[in-house]
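Written out below as C-alpha cells is the structure these notes cover.
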2 protein chains.
Amino acid sequence: MILAPSRPGIYARGSETVDQILKAALDVLIDEGADAFTLRRIAARCDMKVGNVSYHFPRKEMLIQVMLDEMLESYDKLLEEMVRKPGLTAEERLKLVIILCLEDIQTKRTTHLFTELWALANQSEFVADRVRLFYSKVHEVIGEYVAQINPALAPDEVHSVALFISAAMEGSTPFLGHQKPWAAKMPVFTALAAMSFVHLAKTVTSRDLAGLMTEAA
Amino acid sequence: MILAPSRPGIYARGSETVDQILKAALDVLIDEGADAFTLRRIAARCDMKVGNVSYHFPRKEMLIQVMLDEMLESYDKLLEEMVRKPGLTAEERLKLVIILCLEDIQTKRTTHLFTELWALANQSEFVADRVRLFYSKVHEVIGEYVAQINPALAPDEVHSVALFISAAMEGSTPFLGHQKPWAAKMPVFTALAAMSFVHLAKTVTSRDLAGLMTEAA
DNA sequence: GCGAATACTGGACAGTCTTCAAATATTCGT
DNA sequence: ACGAATATTTGAAGACTGTCCAGTATTCGC
C-alpha cells in the first residue's frame, strides 16, 4: 500500500490551519470538480495565501493523499456505524445497509466525491489503491450478512455476491444521486434494490455462481 | 437541449484533419484522463501544431462538444446493433443486452470514458445533458423487453425497472471494468446480473414498485 | 492554371499553475 | 518574557494554459 505523508501541523495554530485547508480542499473538489482543484482556489476558499497552503503541503500530491485518507476514514466510520444495530436479523441488517448506502449516495458530498474518485482512479495509482481498500471493507460488511443469510456459500462465492450488490448500488450514483436526472426515482430504486438483492442472497446457489453463462447468446 | 456547434472542415483535407483531431482528443481523454486533456497534448497526439487545432476549433469547448456528440453517437449505433437480433424471445433479448453491455464495460474505452463523463457531468451542463439523453435510450431498449416480459407493468413502472437494471450494470464499471481491482470477477458478475435482473423483470409487481419500503428501519 | 477560399505555421499574448526562498509574525516550552 | 521553533506573507521564477494573428501554403471551383 502506498503510504500517505503524515499530517503536518505542530503548533495548535498550524494544526487548525491544516484542518481548514483540508476542509476547503474537499469543498472545492465537491463543489467545483477536479478541474478547479488548484492551490489558489483552495487557499481562497479558506481565506489564506497560496504560499501558506504550499508551506503546509510542500507538494500538491501530499494534500491530495492526506485529504483522501481522511475522507475515506470518515466513510469507514459511517460504515461501522451502520453495522452497530442491535437486535436485527442478518436479512434485516442487509436491507438496512442497502437503504443507508442509497440514502448516502443521494447527498451531494457522496455523489460528487465518488464520481470524481472513480475518474481519478483511472490515472492515479494512489487513488485507485485507496478506493479498492475502501470497497474491500464494504464487501466485508455486506459479505458478512450474505454469509449468514446463505451459509451454503463458500467465502469466495460470498464475496462475489457482496461485490455484485455493492457495485449495483454504487451504479445509482451517476443517475439517481444528488441532482442527477432520475434522482426522484431513488425511493423506488431503493425498494427494488432491497427486494432484489435480499432475494438474491437468499436463493443464489453455488451452481449459479459457477459462471457458466450457458444459453442466451 | 444544448446544441453543439456544427462540425468544421470544408475541404477534404480540413475534414480529415478534423477527424484526426477528434480521434486524438478522445484518445487523450481515454489514455491520460481529463487532467491531460489540453490542446497541446491533443495536437501532439496527431502530429499537429496547436494553432491548427485552435483554427479548426476556435474554442476548446467546441471541441469537447463535437467530440462528445460523435462519441455518444457511436455508442448509439452499438446499442442499436444489440437490438437487431432476430428470432429471440424478450427474455433472451434482455439477457443478451445485459451480457453485451457488461462485455463493453470491460473495454478500456468504455471504462475510462464513462467514469470521466460521470465526473464531468457534475460540473458541465452540456455533458450532463448528453449523458442523460444517452441513458434515456438505454432505458428505452431495456424497457421494451421488460414490458414484453411483464405486460402488467405501467409505462412508468417499466422505466423504473429499466433504470434499475441499467444503473446496476453501469455500477460494475469502476470495480470490474478494464484493469479494475475485481475485473477477473466479471464473468460471475454477468451471470448474477443476467439471472437476477431477468428474475426481477419477470416477478416484479406494481405493489413492489409502489415505493412503500415498509419495515427494516 | 488563376484566384479566392480554406488550411496550416510560428510566434506572441495574458493568464494560470506549482514551487520556492527570503522576510516577517506568531507560538509555546523554558 | 526570552528565544528557538513554527507559521505566515510576499514576491518571483519557470512552466503551463487557451486564444489570437500575420504570414505562408494548399485546395478546388471556374
Side-chain angles (χ1 to χ4, degrees), chain A residues 4-29 31-68 116 120 123-124 126-127, chain B residues 4-29 31-68 116 120 123-124 126-127:
Chain A
S6 65
R7 190 202 153 94
I10 308 292
Y11 286 177
R13 174 133 92 124
S15 182
E16 200 173 318
T17 300
V18 168
D19 277 345
Q20 291 176 27
I21 293 173
L22 289 170
K23 179 178 178 359
L26 207 59
D27 286 345
V28 168
L29 188 60
D31 291 340
E32 309 177 46
D35 197 52
F37 193 79
T38 69
L39 297 188
R40 303 186 115 77
R41 274 186 198 261
I42 293 166
R45 191 104 180 183
C46 50
D47 277 312
M48 285 182 204
K49 308 298 169 183
V50 196
N52 199 17
V53 177
S54 190
Y55 162 73
H56 287 288
F57 297 94
R59 319 254 141 242
K60 189 185 179 183
E61 207 182 28
M62 287 189 195
L63 170 56
I64 298 176
Q65 296 184 348
V66 173
M67 186 193 74
L68 184 56
E116 295 288 351
L120 291 176
Q123 308 302 329
S124 159
F126 180 87
V127 175
Chain B
S6 65
R7 189 201 152 97
I10 309 291
Y11 287 177
R13 175 136 91 120
S15 181
E16 201 173 316
T17 300
V18 168
D19 277 344
Q20 291 175 27
I21 293 173
L22 288 170
K23 181 182 176 352
L26 207 58
D27 286 345
V28 168
L29 189 59
D31 291 340
E32 308 177 47
D35 199 51
F37 192 80
T38 69
L39 296 187
R40 288 178 161 79
R41 268 185 195 267
I42 293 166
R45 190 106 180 181
C46 51
D47 277 312
M48 285 182 202
K49 308 297 170 183
V50 197
N52 200 18
V53 177
S54 192
Y55 163 73
H56 287 289
F57 297 94
R59 316 258 140 235
K60 189 184 179 183
E61 207 181 28
M62 287 188 195
L63 170 55
I64 298 176
Q65 297 185 348
V66 173
M67 186 194 74
L68 185 54
E116 295 288 350
L120 292 176
Q123 308 300 328
S124 159
F126 180 86
V127 174

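In what follows, every chain begins at residue 1, and chains take the letters A, B, ... in the order their sequences are listed.
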The criterion is side chain to side chain contact (heavy atoms under 4.5 Å, CB included); which residues satisfy it with A:Ser54, sequence neighbours excluded?
none

In whole angstroms, the gap separating P of C:dT16 from CD1 of A:Ile42 amounts to 16 Å

Does A:Asn52 make a side-chain N or O approach to OP1 or OP2 of D:dT9 shorter than 4.0 Å?
yes

Partner set under side chain to side chain contact (heavy atoms under 4.5 Å, CB included) for B:Val18, not counting sequence neighbours:
B:Arg7, B:Pro8, B:Leu22, B:His56, B:Phe57

So with a 6.0 Å cut-off around NZ of B:Lys60, is the heavy-atom count from everything else above 12?
yes

Distance in Å, A:Leu120 CG paired with B:Glu116 CD, rounded so as to fall on 0.5 Å steps
8.0 Å

Strand-adjacent residues in residues 20-27 of chain B, judged by heavy atoms under 4.0 Å from DNA chain C:
none

Closest non-hydrogen contact found for B:Ile42 with B:Ala24 is O-CB, 3.7 Å

Would you say B:His56 places a side-chain N or O within less than 4.0 Å of OP1 or OP2 belonging to C:dC8?
yes

Considering only nitrogen or oxygen atoms on both sides, find all protein atoms under 3.5 Å from nucleotides 28-30 of chain D and state each distance.
| from | atom 1 | to | atom 2 | distance (Å) |
| --- | --- | --- | --- | --- |
| D:dC28 | OP1 | B:Ala12 | N | 3.1 |

Of B:Phe57 and A:Val53, whose nearest nucleotide on DNA chain D comes first from the 5' end?
A:Val53

Interface polar pairs with nucleotides 15-18 of chain D, N/O, under 3.5 angstrom:
| from | atom 1 | to | atom 2 | distance (Å) |
| --- | --- | --- | --- | --- |
| D:dT17 | OP1 | B:Thr38 | OG1 | 3.1 |
| D:dG18 | OP1 | B:Leu39 | N | 3.2 |
| D:dG18 | OP1 | B:Lys60 | NZ | 2.9 |
| D:dG18 | OP2 | B:Leu39 | N | 3.1 |
| D:dG18 | N7 | B:Arg40 | NH1 | 2.8 |
| D:dG18 | O6 | B:Arg40 | NH2 | 3.3 |

Distance in Å, A:Asp31 CG paired with A:Leu26 CG, rounded so as to fall on 0.5 Å steps
9.5 Å

Rounded to the nearest 0.5 angstrom, the CZ-CG distance for B:Phe37 and B:Leu63 is 5.0 Å

B:Ile64 side, atom CD1; B:Phe126 side, atom CZ - distance, nearest 0.5 Å
9.0 Å

Would you indicate, yes or no, if D:dT8 has its OP1 or OP2 atom less than 4.0 angstrom from a side-chain nitrogen or oxygen of A:Tyr55?
no

Contacts of B:Glu32 meeting side chain to side chain donor-acceptor pair (under 3.5 Å) (sequence neighbours excluded), chain-then-number -> B:Arg41, B:Arg45

Please determine if a side-chain N or O atom of B:Lys49 lies less than 4.0 Å away from the OP1 or OP2 oxygen of C:dC8.
no

If you look at every heavy atom in B:Ile21 and B:Cys46, which pair is closest and at what distance?
CA-SG, 4.2 Å

Taking atom CG of A:Asp47 and atom CG of A:Asn52, what is their separation to the nearest 0.5 Å?
12.0 Å

Whole-Å distance between D:dT8 C1' and A:Glu16 CD?
15 Å

